[in-house]
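Bear in mind the structure is a predicted one, so any value in this text is a computation, not a measurement.
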Amino acid sequence: MKPTRDPRVTLDDLVEVLLNKGAVLHLDLIVAVADIPLIGVSLRAAVAGMETMLEYGMLRQWDADTRAWAMRSAARHELELRAGEESVVRMYGGHLLDDDFHTTWRPGTVHLTDRRLVVLRRDPREVLWEAELSAVRAVRLESERTVGGESRTRVRVETADGAGALLSAADPERLRDLLVRTCPGPLTSDGPRSPLPGPDERALVEGHLWYREPRRDGPLWRGGNGRLTPAGLVWKSPLDARPALVLPAADVTAVRPGAERGPGGEGTVFTVETGSRGTVTLAADEPRRWVEALGSPRDAPALPSA
């Protein structure tokens with residue numbers, strides 16, 4: 001690493017460098033009062049992602065102990081499988097209890113197997129909601145406005161008896177997609193499969209990408225990683241637990257270069273027109289690759305040369 005004062009560097013970029021490469025801090029500090037030294041501080045510290053730490057032989061015992069503790073703790077979240085039943089995915093989530101007396105979210109763990117969908121609470125241990133996959137008739141994503149004004153994506157599951165449930169999930173798009181693939185009977189979904197790439201799915205373009213995220217106090221440029229596959233575009237910041245931008249390929253209607261200056265300088269901005277989200281603004285060091293891969297319309301003006 002070389003020292004830099006690039007004004008385009010954001011907090012996301014700093015976190016990405018720390019996770020991938022790491023940094024070594026050397027600090028010698030003397031606190032004096034009236035020119036009389038009172039306190040001395042000598043600090044030597046290494047800051048890096050765990051993979052980098054382990055690669056250099058650091059914190060290995062701590063990592064092994066922590067993983068063992070996490071496995072023992074996770075066992076209490078596990079669902080007791082039936083004979084021949086296989087687990088598909090497990091993620092944090094919850095179930096909306098809506099009866100004649102009150103409406104409240106009950107947090108737990110969402111388990112999807114090849115036979116059923118279960119929301120399990122850890123303590124006290126209780127099955128909050130359960131349905132056989134053979135009884136699931138429809139699944140769709142719904143947007144819910146929280147008390148704080150934020151928009152959250154939920155998963156609506158409808159069953160043959162007409163009951164169904166509204167579920168929360170750490171990754172609602174992935175849960176919806178897995179339900180569509182796993183349920184044995186005819187299933188009604190709310191649209192095309194989300195472009196969350198599988199482990200073997202080919203990436204058309206992948207690399208650093210800025211996303212101008214809409215916010216109440218005005219849009220904010222954020223740095224992160226973009227991955228474009230035949231299914232669509234996914235963008236995620238190193239600070240986010242899940243992708244903040246998911247654009248199915250079928251939802252993209254046009255791609256055009258932008259006229260404004262982006263965090264990467266002149267000629268780095270481009271916009272993506274979608275059917276569901278409106279205009280999405282992005283920026284890249286080499287925007288031409290992204291525009292061509294996304295399928296720029298023929299009448300769009302040419303991008304400036306890199």
Side-chain angles (χ1 to χ4, degrees), residues 63-99 103-142 144 152-202 229-232 234 236 241-243 246 248:
D63 179 70
D65 295 341
T66 301
R67 291 178 183 273
W69 172 85
M71 292 184 64
R72 293 193 300 269
S73 177
R76 290 176 287 182
H77 293 267
E78 293 302 324
L79 176 69
E80 295 181 4
L81 299 177
R82 303 168 181 171
E85 186 178 21
E86 296 184 1
S87 176
V88 176
V89 71
R90 176 178 68 86
M91 64 179 68
Y92 291 110
H95 167 251
L96 180 64
L97 176 63
D98 189 2
D99 54 25
T103 301
T104 182
W105 279 102
R106 301 187 295 174
T109 307
V110 178
H111 294 263
L112 175 62
T113 73
D114 58 351
R115 299 184 185 179
R116 54 187 171 145
L117 177 63
V118 183
V119 182
L120 181 68
R121 181 169 62 188
R122 169 187 172 185
D123 190 18
R125 189 176 181 84
E126 177 187 1
V127 174
L128 302 179
W129 184 81
E130 180 177 3
E132 300 291 331
L133 295 188
S134 58
V136 176
R137 293 293 178 265
V139 56
R140 63 177 183 271
L141 300 181
E142 293 186 0
E144 181 195 35
R152 298 289 178 86
T153 302
R154 309 300 190 189
V155 181
R156 172 74 66 179
V157 180
E158 298 179 5
T159 54
D161 58 4
L166 186 63
L167 308 179
S168 64
D171 195 337
E173 291 87 0
R174 184 185 180 202
L175 179 61
R176 189 275 307 268
D177 294 342
L178 290 174
L179 276 169
V180 172
R181 298 170 183 172
T182 309
C183 287
L187 190 66
T188 302
S189 181
D190 60 344
R193 181 173 66 90
S194 299
L196 296 175
D200 301 325
E201 189 160 9
R202 176 176 57 94
T229 69
V234 175
K236 181 179 179 298
R242 62 185 184 187
V246 179

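- The two residues Pro184 and Ser134 come nearest to each other via the heavy atoms CG-CA, 4.0 Å.
- At distances below 3.5 Å, not a single donor-acceptor pair connects side-chain atoms of Thr109 with backbone N or O atoms of Met91.
- For the atom pair CG of Leu112 and CZ of Arg181, the computed distance is 11.5 Å after rounding to the nearest 0.5 Å.
- To the nearest 0.5 Å, the span separating CZ on Arg115 from CD on Glu132 amounts to 9.0 Å.
- The side-chain hydrogen bond (donor to acceptor under 3.5 Å, both in side chains) check on Glu85 picks up Thr113, Arg116, with sequence neighbours excluded.
- Between Gly94 and Ser168, the closest heavy-atom pair is N-OG, 2.9 Å.
- With contacts defined as side-chain heavy-atom distances shorter than 4.5 Å, the pair Leu133/Asp114 does not qualify.
- When each of Leu141, Leu96, Leu166 is checked for a side chain to side chain contact (heavy atoms under 4.5 Å, CB included) with Arg156, only Leu166 meets the rule.
- Side-chain atoms of Thr104 do not come within 3.5 Å of backbone N or O of Leu97 as any donor-acceptor pair.
- Residue Ala165 comes nearest to His95 through the heavy atom pair CB-CD2, 3.8 Å, listed as atom of the first residue, atom of the second, then distance.
- Expressed to the nearest 0.5 Å, how far CZ of Arg125 lies from CG of Leu120 amounts to 4.5 Å.
- Thr159 approaches Ala131 most closely through the heavy-atom pair CG2-CB, 4.1 Å.
- Taken from OG1 in Thr153 to CZ in Arg176, the straight-line distance is 10.0 Å, to the nearest 0.5 Å.
- Annotation: the span from Leu167 atom CG to Leu175 atom CG amounts to 7.0 Å, rounded to 0.5 Å.
- A donor-acceptor pair under 3.5 Å is formed between the side chain of Arg121 and the backbone N or O of Pro124.
- Taking 4.0 Å as the cut-off between side-chain N and carboxylate O, Arg140 and Glu142 count as a salt-bridged pair.
- Of all heavy-atom pairs spanning Trp129 and Val157, the tightest one is CH2-CG1, 4.0 Å.
- Here CH2 of Trp105 is found 4.5 Å from CZ of Arg154. Values are rounded to the nearest 0.5 Å.
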